[in-house]
Amino acid sequence: MSITTTTHLNFRGEARAALEFYHSVFGGDIAVVTYKDTGNVQNPDEADWVTWGQVIADNGFHVMAYDVPSPMPWDRGENAVFVSVRGDGTEEITALWEKLAVGSTVVQPLEASPWAPLYGMLKDRFGIVWVLDVAAPYNG
């Protein structure tokens with residue numbers, strides 16, 4: 001089993017433009033999934049915002065991004081980054097989650113989601129937001 005950590009950038013309506021820019025700089029493959037794509041539109045004006053996106057290149061560059069929906073707090077530069085831990089198996093991710101969860105605030109419980117076998121988000125006791133999930137193939 002193996003895991004990876006990836007910088008996860010948070011925006012408010014600019015994630016697609018940022019991903020396209022990073023793709024133009026680093027090359028590789030770009031993937032963008034909108035709130036509309038996942039059937040999770042809470043605000044019609046945000047339907048085309050990015051709920052998950054990434055640029056990954058053969059040179060090792062990898063960044064993920066999403067648009068924080070308007071009901072959630074967001075301040076540019078204040079909570080602009082998550083640490084994303086992605087693994088191949090549920091046992092491995094669950095074990096890491098249980099350790100990170102000690103003294104943390106759970107933002108999204110670790111559970112199955114429309115885009116991953118397991119997905120969860122928590123803020124650890126140091127104020128760092130972690131996103132843990134089990135990798136799933138993207139067919140976009």
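Residues: numbered from 1 along the sequence shown.
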_Non-hydrogen atoms of E92 and G87 that approach each other most closely_ = OE1-CA, 4.4 Å

*Does anything in residues 16-31 pair up under salt bridge (Lys or Arg N to Asp or Glu O under 4.0 Å), and if so which pairs, sequence neighbours excluded?*
none

Please list every donor-acceptor pair under 3.5 Å in which a side-chain atom of residues 93-106 meets a protein atom from a residue at least two apart or in another chain.
residue : atom : partner : partner atom : Å
T94     : OG1  : T90     : O            : 2.7
S104    : OG   : A101    : O            : 2.8

*Quick one: closest heavy-atom pair of S24 and F21, and the distance?*
OG-O, 2.6 Å

*Taking all non-hydrogen atoms of both residues into account, name the closest pair between A65 and A15 and its distance.*
CB-CB, 4.3 Å

_Can you tell me how far apart CG (L9) and OH (Y22) are? Round to the nearest 0.5 Å._
5.5 Å

*How long is the span from the OG atom in S113 to the CG atom in L118, to the nearest 0.5 Å?*
8.5 Å

Do any side-chain atoms of residues 41-50 form donor-acceptor pairs under 3.5 angstrom with protein atoms, and if so which ones, sequence neighbours left out?
residue : atom : partner : partner atom : Å
N43     : OD1  : D45     : N            : 2.9
N43     : ND2  : E46     : OE2          : 3.4
E46     : OE1  : S70     : N            : 3.3
E46     : OE2  : S70     : N            : 3.4
E46     : OE2  : S70     : OG           : 2.7
D48     : OD1  : K36     : NZ           : 2.9

_Taking salt bridge (Lys or Arg N to Asp or Glu O under 4.0 Å) as the definition, give me every residue that meets it alongside K123, ordered by chain and number, with sequence neighbours left out._
none

_Keeping H8 on the side-chain end and V131 on the backbone end, is there a donor-acceptor pair under 3.5 Å?_
no

*Check D133, T4, T5 against R86 for a side-chain hydrogen bond (donor to acceptor under 3.5 Å, both in side chains) and give me the one that passes.*
D133

*State, to 0.1 Å, how close A136 and P117 come at their nearest heavy-atom pair, and which atoms those are.*
CB-CD, 3.8 Å

*Partner residues of T51 under the side-chain hydrogen bond (donor to acceptor under 3.5 Å, both in side chains) criterion, sequence neighbours left out*: none

*Please name the pair of heavy atoms, one in E14 and one in D67, separated by the smallest distance, quoted to 0.1 Å.*
N-OD1, 3.0 Å

*Which residues pass the side-chain hydrogen bond (donor to acceptor under 3.5 Å, both in side chains) test with E111, sequence neighbours left out?*
Q108

_Less than 3.5 Å apart, any donor N or O on the side chain of N10 or W74 sitting next to an acceptor on the other?_
no

_Spatial distance of atom CZ (R12) from atom CG (D75) [nearest 0.5 Å]_ = 9.5 Å

